[in-house]
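Order of appearance sets the numbers: ligands from 1, and atoms from 1 within every ligand. Side chains included, hydrogens not; waters and symmetry mates left out as well; all remaining heavy atoms used. We number each residue from 1, following the sequence as shown.
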Amino acid sequence: MKAAVIGAGIAGIASSIRLAVTGYAVDVFEANTYPGGKLSTFEHRTSDGGVYRFDAGPSLFTMPDLVDDLFRLAGRNPADYFEYIRLDETCRYFWDDGTRLTAWADHTRFAAEVETVLGEPGQHLLDQLADSALKYDVTEKLFLQKSLHKLGTWLGRDALRGYVNLPKLGVFGTMNAANERRFQHPKLVQLFNRYATYNGSDPYQTPATLNIIPHLEYNIGAFFPKKGMVSITDSLVKLATELGVRFHFNRRVDEIVTEGNRVIGLRATSMNPEDEHPSPSTRPQITTPFDLVVSNMDVVNAFRKLLPHAKQPERILRQPKSSSGLIFYWGIKRTFPELDLHNIFFSNDYRAEFDHLFQQNKLYDDPTIYLNITSKHKADDAPTSCENWFILLNAPNNTGQDWDAVIAEARQNVIRKLSHVLGVDVEPLIETESLLDPRSIEARTSSSQGALYGNSSNNRFAAFLRHANFSHQFENLYFVGGSVHPGGGIPLCLLSAKIATGLIHA
Ligand code: FAD
């Protein structure tokens, strides 16, 4: 049996491995010249031969077992391919008023830190983490491991547990309201409200069920791949290739060819890597027959561009998207001992920031800044006495804003804020620079409106309004990746591959 995968994002790669293990001959078609989609890497070179390496997208690695599972599934020892460490410090937090707080992996130490720095009873923190664990325990098997679009999911024991525990899941209130009830100190409310951004949502709208997210970081743990985030992609591509999966880079799929209620093949264009918009009429096109197709392309674009003649599931395709991002990659010619791998510089008005992002489609002029520095753990990611700064601002979706003007203003706001908190003028330290913005995210990975995580979770029905991992119209078409169930982020993308291929084999 021959299977095709459209897109070599993390979910596409994982799907190819799962299919190859069960005997499928698998071809992966990827429009870019490299695998990984958002989970890729690049370098800056300085005039004197220095190299700064950057992970382009994801920087926080949780649930590494889901990666290890793929190696185990193929009968391999994960450590022979991919190594990672568990972090003792999950994040350092900074505020403009000089407050600094470290979130420790060790709960007791973290509780002591919030008591000392903020005067918040440590027990409140422990209660929050226990509540996160409970929410995860009740929902994981139902919402993350299974298709929500199969009747069987709603009749089993896991569903019954979900029904019984519904009042504890926080479905009817917002994350912010729950966190305000739990914590006395507004800075701790802000810290835990931040977890809404882990799937591109707004803590003032998203249900408190999303307080499940800190469970991943504090109870299961935050990790760092020893060779950088891109080694998740690299090691899985290596495994897939060993299993016989054939990757076709530079090959953009333009059409899913259908006949009746079946997919019969794909029509693809060979792309010129220099040209982001090749004209199909001037490029060679090849139609290849397949027994089944797994699409890792953003589901909105998969329907609009590859299946324009099929019935469009409008309600699902029109759901509001998660936030996008504006990323500055800076080579910095100095080191900062007060910074760690993950750092946050909080906005003074979090509510106003989210109002700008989700109501006004704008960036706020005092944005929360996430600063990731992999050279803290992987010294060769920056020249000696230098650091590779990955600076991420939450950004609205691409709806045609004047991005060049927005970016110029945001850059000044970032420099002003970092310089103030760190007590040093940051701008002269920037040795190399590049940028990713909602437009380029959309162009490079086909994400609708540049969304980082597919749909937002800004309402309590969001989980049910992501597209299923299978097609309702074509019996041999499946969907994986951040735009479909169970959602965005590396762990959920890996789970989407598990659910989709599980349906194929069922
Ligand atoms: P994508 O990465 O979206 O890739 C899809 C691939 O399909 C692309 O390579 C594209 O070229 C290809 N493709 C699309 N259409 C076609 C076609 N027609 N023909 C051929 N190829 C096609 N997640 C985390 O877990 N932790 C984080 O810290 C984190 N931070 C992030 C920061 C940023 C800046 C970004 C951008 C994302 C972040 N994420 C994070 C989210 C995470 O990166 C994504 O959820 C995940 O990588 C998406 O994977 P995917 O499988 O959906 O594929």
Side-chain angles (χ1 to χ4, degrees), residues 4-16 27-40 54-64 66-67 197-200 213 216-217 222-224 229-230 232-233 236 247-256 266-271 276 293-302 304-307 322-329 342 370 372 390-395 435-438 440-448 450-454 479-484 486-497 500:
V5 178
I6 305 169
I10 190 67
I13 300 168
S15 303
S16 75
D27 287 274
V28 180
F29 296 90
E30 168 54 55
N32 291 322
T33 52
Y34 53 86
K38 299 178 179 75
L39 188 48
S40 51
F54 295 90
D55 286 309
S59 54
L60 175 66
F61 182 39
T62 55
M63 301 182 86
L66 295 173
V67 177
T197 66
Y198 279 34
N199 75 355
I213 296 174
L216 307 187
E217 194 167 299
F223 299 83
F224 180 73
M229 292 297 285
V230 72
I232 302 172
T233 298
L236 290 179
F247 286 88
H248 308 274
F249 295 109
N250 241 343
R251 194 66 69 80
R252 192 191 63 196
V253 174
D254 294 319
E255 187 184 346
I256 297 175
L266 297 181
R267 202 162 52 79
T269 305
S270 203
M271 308 247 303
E276 289 210 330
V293 169
V294 176
S295 172
N296 182 204
M297 185 181 193
D298 180 288
V299 72
V300 175
N301 286 320
R304 302 289 192 229
K305 296 184 179 170
L306 308 191
L307 291 163
S322 77
S323 53
S324 185
L326 177 56
I327 304 103
F328 297 99
Y329 307 93
H342 301 292
Y370 166 67
N372 174 255
F390 165 109
I391 292 172
L392 167 67
L393 308 183
N394 294 311
L435 182 79
L436 190 67
D437 64 50
S440 42
I441 293 171
E442 192 167 8
R444 286 182 204 169
T445 63
S446 192
S447 283
S448 176
L452 301 191
Y453 303 94
F479 297 100
V480 296
S483 68
V484 298
I490 299 166
L492 300 197
C493 289
L494 291 170
L495 285 169
S496 73

Under 3.5 Å, side-chain donor or acceptor atoms of residues 489-496 against the rest of the protein: list the pairs with distances, not counting sequence neighbours.
residue: Ser496; atom: OG; partner: Gly481; partner atom: N; Å: 3.0
residue: Ser496; atom: OG; partner: Cys493; partner atom: O; Å: 2.6

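Residues passing the salt bridge (Lys or Arg N to Asp or Glu O under 4.0 Å) test with Asp55, sequence neighbours excluded: Arg53. A search for salt bridge (Lys or Arg N to Asp or Glu O under 4.0 Å) contacts involving Glu255 returns Arg267, not counting sequence neighbours.
A side chain to side chain contact (heavy atoms under 4.5 Å, CB included) with Ile391 holds for exactly one of Tyr329, Phe328, Tyr370; it is Phe328.
At a 4.0 Å heavy-atom cut-off, the residues surrounding ligand 1 are Ile6, Gly7, Gly9, Ile10, Ala11, Phe29, Glu30, Ala31, Asn32, Gly36, Gly37, Lys38, Gly57, Pro58, Ser59, Leu60, Arg251, Arg252, Val253, Asn296, Met297, Ile327, Arg444, Thr445, Ser446, Leu452, Tyr453, Gly481, Gly482, Gly488, Gly489, Ile490, Pro491, Cys493, listed by chain and number.
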Practice problem: Go through the steps for Lys38 and Ser447 under the test side-chain hydrogen bond (donor to acceptor under 3.5 Å, both in side chains), then give the verdict. | Solution: CA-CA 10 Å; Lys38 299 178 179 75; Ser447 283; 2.6 Å; yes

Practice problem: Just do the side-chain contact (heavy atoms from CB on, under 4.5 Å) check on Ile327 and Ile441 with the steps written out, would you? | Solution: CA-CA 10 Å; Ile327 304 103; Ile441 293 171; 4.3 Å; yes

